[in-house]
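Read the structure below first, then the notes.
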Amino acid sequence: MASSFRRSINPEAVSGLALISPTFLYALVLLAAPIAAVILLSFWTQDYLELHRTFTLANYVKAWTEPVYQALMIRSVKISLLVTAFTVLIGFPIAYYIAFIVPPRRKPIWLFLITIPFWTSYLVRIFLWKVILGYNGVINGSLIGIGLIEEPLKFILYNQGAVVLTLCHAWLPFAILPIYVALDKIDRSLLEAAEDLGDSPFRRFIRITLPLAMPGIMAATIIVFIPTIGDYVTPRLVGGPNGLMIANMIEVQFKKANNAPLGAALALSAMFIVTVISLIFLWANRKYLRANQ
Amino acid sequence: MSGLRMSNWLIVYVGLFLLFLYAPAILLPLFAFNDSAVISFPLAGFTWQWFATVVDNESLHRATRNSLIVAVSTAVFATTLGVFAARAGTRFSFPGKRGMMGLVMVPMVLPEIIIGVSMLVVVLQLGLSLSLMTIILGHVLICTPFSTAILGAAFQGLDRSLEEASIDLGRTRLTTFLLITLPLVLPGIIASLLLAFTISLDEFIIAFFLTGTEATLPVYIWGQLRFPQRIPGLMALGTILLVVSLLLLVCAEYFRRRAARNMGRGEQRELF
């Protein structure tokens, strides 16, 4: 039995499994197991420092019914969706420009140019947006300087719009790169064929470029949408009281409020919601592509 | 004709976009050299004094040392794990490959707060204490997917006949790997080390959850943001960090291109 089993596994599979195992085990122990622990924790309760290990749904009931958490969750999803939509819409023409207009020799430089601002310290970058948008900030200063306004505008900092703007800035490179990769792969002869057949540039774009760019757009959507929900630094620095997001609440529960089980339930609920929305995106994309064939 | 006009508009758009993208990076050095304790316009004059506050600041030096320890360890471990995963992923087929590679790559799209929170829960439940070690463990987790992606591209382009020739000539698999394969993918390895180092050096969200008494540089910066009088110094620090990151990235890009060229292929693979 044992020997026939061994014979049925080819040596290549054994080598492959042996090679992947250190990395896989690392991810299993430090990612899968901790997430399992968080799931378990979310069904427990805690008052002060004492943990009660009896199964309960109380944390989830709280997370889904109490108005504070509901409001934060809805706002966070709204902000993440807005950031995703803006980054894809703003990023698409840039990706198009690099893929179709920049000469091939120059493309690496352009891609590098897009990613450089991303390497300014994350915290300092967010802080600088606070400086740009602030009461005595760059925008107000310039507008007063050229005489367009007399009093500084107060509505541009410490609100959800400022959070969306700052997050868009942070995530634009991540939206541009996958869209660029998809656009760059498009066979140019297809576009020429459409042109020869008399398609207008707009029709050509709708019928050929857009469907072929869809995998890149979907990748951009997922890459931006899911992590954005977990940012707590941007809302804290530029969001003001009405711009806080669910991640700020999760952080508070784990640190100051000492209610890790509720924090765990909030984190998992947020993950659940973004996963469901992402699956809806993927499903819609598949329908769109099938209808286009 | 209309196509030409289209692309003119596109160039204007790209220009505006670059201005938006670079706004913080342009302001950073302006304020770092500005002779005023308040971060606002108009600029007051040129000074080096904020860089001087960076030079003699004991807790900043300590945070820098901690960050270097964390970033170097992260780079080495993540690249090692990346070599294993990339080699397995490009050279072999085995049962469960998609699922296993998938799990390794998941941290790329997971919100960092989830990783920070879940590792914190485990560390506290096991009664371990938070230290630089816990930050390293978290950073290796998020850097390994990037290393795997870069190294995957390097291994992918490898000419397999070189390895086969070495084995035909009587070398063992291990010496072949060490003497033939590794030198060929070395530029990829260096690119991976530099990228992981740079990511770790700037990572805040996970570090904030997993930090003990010893702060890393971003955790230190976060603490200082509360004090208005410290902000100009932070601008100087940010400028230094930007320059260092850029130098590292230029190096990484250089080695990545050399890796692509080493494969003897005309086509160059991009990082993303």
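Below, read A as the first sequence line, B as the second, and so on, with proteins coming before strands; counting in each chain starts at 1.
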| note | Heavy-atom nearest pair, B/V121 first then A/A37, reads CG1-CB, 4.3 Å

| request: Evaluate whether atom CZ of B/F227 has more than 12 neighbouring non-hydrogen atoms of other residues, nucleotides or ligands under 6.0 angstrom away. | output: yes

| request: With a 4.5 Å cut-off on heavy-atom pairs, point out which of A/I223, A/D184, A/T228, A/V233 contacts chain B the most. | output: A/V233

| field | Intermediate values then yes/no, side chain to side chain contact (heavy atoms under 4.5 Å, CB included), B/M100 and A/L17 | value | CA-CA 10 Å; B/M100 289 186 184; A/L17 284 170; 3.7 Å; yes

| About how many Å separate CD1 of A/I229 and CD1 of B/I113, when rounded to the nearest 0.5 Å? | 10.5 Å

| Would you say the side chain of B/F94 lies within less than 4.5 Å of the side chain of A/L19, judging by non-hydrogen atoms? | no

| query | When only pairs under 4.5 Å are counted, which of B/V83, B/V109, B/L110, B/L217 shares the most heavy-atom pairs with chain A? | reply | B/V109

| query | Does CZ belonging to B/F77 count more than 12 external heavy atoms closer than 6.0 Å? | reply | no

| message | What part of B/F84 gets within 4.5 angstrom of chain A, counting heavy atoms only: side chain, backbone, both, or neither? | response | both

| note | Applying a strict 4.5 Å limit to non-hydrogen atoms, the region of A/I98 in contact with chain B is neither

| Between B/F31 and chain A, which part of the residue has a heavy atom less than 4.5 Å away: side chain, backbone, both or neither? | side chain

| request: Go through B/V140, B/V106, B/V243 and name the one with the most non-hydrogen pairs under 4.5 angstrom from chain A. | output: B/V140

| query | Of all of A/L31, A/I101, A/L41, which one pairs up most often with chain B through heavy atoms under 4.5 Å apart? | reply | A/L31

| request: Kindly give the heavy-atom pair with the smallest separation between B/L141 and A/L30, and that separation in Å. | output: CD2-O, 3.5 Å

| CZ of B/F204 to CD1 of A/I126: how many Å apart, nearest 0.5 Å? | 9.0 Å

| query | Which heavy-atom pair separates B/L241 from A/S121 by the least distance, and what is that distance? | reply | CD1-CB, 4.4 Å

| Contact part of B/S93 toward chain A, heavy-atom cut-off under 4.5 Å: side chain, backbone, both or neither? | both

| query | Looking at B/L137, B/L225, B/L124, which one has more heavy-atom pairs under 4.5 Å with chain A than the rest? | reply | B/L137

| query | By a 4.5 Å heavy-atom criterion (distance strictly below it), what part of B/I205 contacts chain A: side chain, backbone, both, or neither? | reply | both

| message | Does any backbone or side-chain atom of B/L201 lie under 4.5 Å from a heavy atom of chain A? Answer side chain, backbone, both or neither. | response | neither

| Heavy-atom pairs under 4.5 Å with chain B, option from A/P93, A/A267, A/G141 with the top count | A/P93

| note | Highest number of heavy-atom pairs under 4.5 Å with chain B among A/I114, A/I116, A/L268 belongs to A/I116

| remark: Shortest non-hydrogen pair, B/L234 vs A/V124, comes out as O-CG2, 4.4 Å

| remark: When the 4.5 angstrom heavy-atom criterion is applied to B/Q125 and chain A, the contacting part is side chain

| said: So does A/P227 get a backbone contact from the side chain of B/E112, meaning a donor-acceptor N/O pair under 3.5 Å? | reply: no

| field | B/I199 versus chain A, the contacting section by heavy-atom distance below 4.5 Å | value | both

| query | Who among A/I35, A/V224, A/V274 has the most heavy-atom pairs with chain B under 4.5 Å? | reply | A/I35

| Pick from B/L103, B/L242, B/V250 with the largest number of heavy-atom pairs that fall under 4.5 Å of chain A | B/L103

| field | Test side chain to side chain contact (heavy atoms under 4.5 Å, CB included) applied to B/W222 and A/L237, step by step | value | CA-CA 10 Å; B/W222 177 251; A/L237 285 182; 4.1 Å; yes

| query | So do the side chains of B/Y22 and A/L113 get within less than 4.5 Å of each other, counting heavy atoms only? | reply | yes

| remark: Turns out that what part of A/L172 lies under 4.5 Å from chain B's heavy atoms comes down to side chain

| Side chain / backbone / both / neither for B/I115 at chain A, heavy atoms under 4.5 Å | side chain

| field | Other residues, nucleotides, ligands: >12 heavy atoms within 6.0 Å of A/F205 CZ | value | yes

| request: Specify whether B/F209 and A/F254 have parallel, tilted or perpendicular ring planes, treating 30° as the upper limit for parallel and 60° as the lower limit for perpendicular. | output: perpendicular

| said: Does A/W110 form a side chain to side chain contact (heavy atoms under 4.5 Å, CB included) with B/V14? I'd like the steps, not just the answer. | reply: CA-CA 11 Å; A/W110 270 89; B/V14 171; 3.6 Å; yes

| When rounded to the nearest 0.5 angstrom, what distance separates OH in A/Y122 from CG in B/D202? | 9.5 Å

| task | Among B/T80, B/I26, B/L246, B/T144, single out the residue with the greatest number of heavy-atom pairs under 4.5 Å to chain A. | result | B/L246

| said: Using every non-hydrogen atom in the two residues, find where A/T23 and B/L81 come nearest and quote the distance to one decimal. | reply: OG1-O, 2.6 Å

| task | List the steps and the verdict of side chain to side chain contact (heavy atoms under 4.5 Å, CB included) for A/F127 and B/I231. | result | CA-CA 10 Å; A/F127 180 82; B/I231 302 297; 3.3 Å; yes

| remark: Residue from A/A33, A/S142, A/A36, A/G230 scoring the most non-hydrogen pairs under 4.5 Å with chain B is A/G230

| task | Answer with side chain, backbone, both or neither: which region of A/I246 has an atom nearer than 4.5 Å to a non-hydrogen atom of chain B? | result | neither

| message | Looking at chain A, which one of B/G82, B/P95, B/P24, B/A88 has the largest number of heavy-atom pairs inside 4.5 Å, strictly under? | response | B/P24

| NZ/A/K255: more than 12 non-hydrogen atoms of other groups inside 6.0 Å | yes

| request: Examine whether an atom of B/V123 lies under 4.5 Å from a heavy atom of chain A, and if so say whether it belongs to the side chain, the backbone or both; otherwise answer neither. | output: neither

| message | Using modelled atom types and a 3.5 Å cut-off, is there a donor and acceptor pairing between side-chain atoms of A/Y26 and backbone atoms of B/A78? | response | no

| A/V131 versus chain B, heavy atoms under 4.5 Å apart: side chain, backbone, both or neither? | side chain

| How are the rings of B/F20 and A/H169 set relative to one another: parallel (under 30°), tilted (30 to 60°) or perpendicular (over 60°)? | perpendicular

| query | chain A heavy atoms under 4.5 Å from B/L237: which part of the residue, side chain, backbone, both or neither? | reply | neither

| task | Name the region of A/A260, side chain, backbone, both or neither, that has any atom closer than 4.5 Å to a heavy atom of chain B. | result | neither

| said: Looking at every heavy atom in both A/S15 and B/F92, which two are closest together, and how far apart are they? | reply: CB-CE2, 3.5 Å

| Donor-acceptor contact below 3.5 Å, side chain B/Y13 vs main chain A/I90 | yes

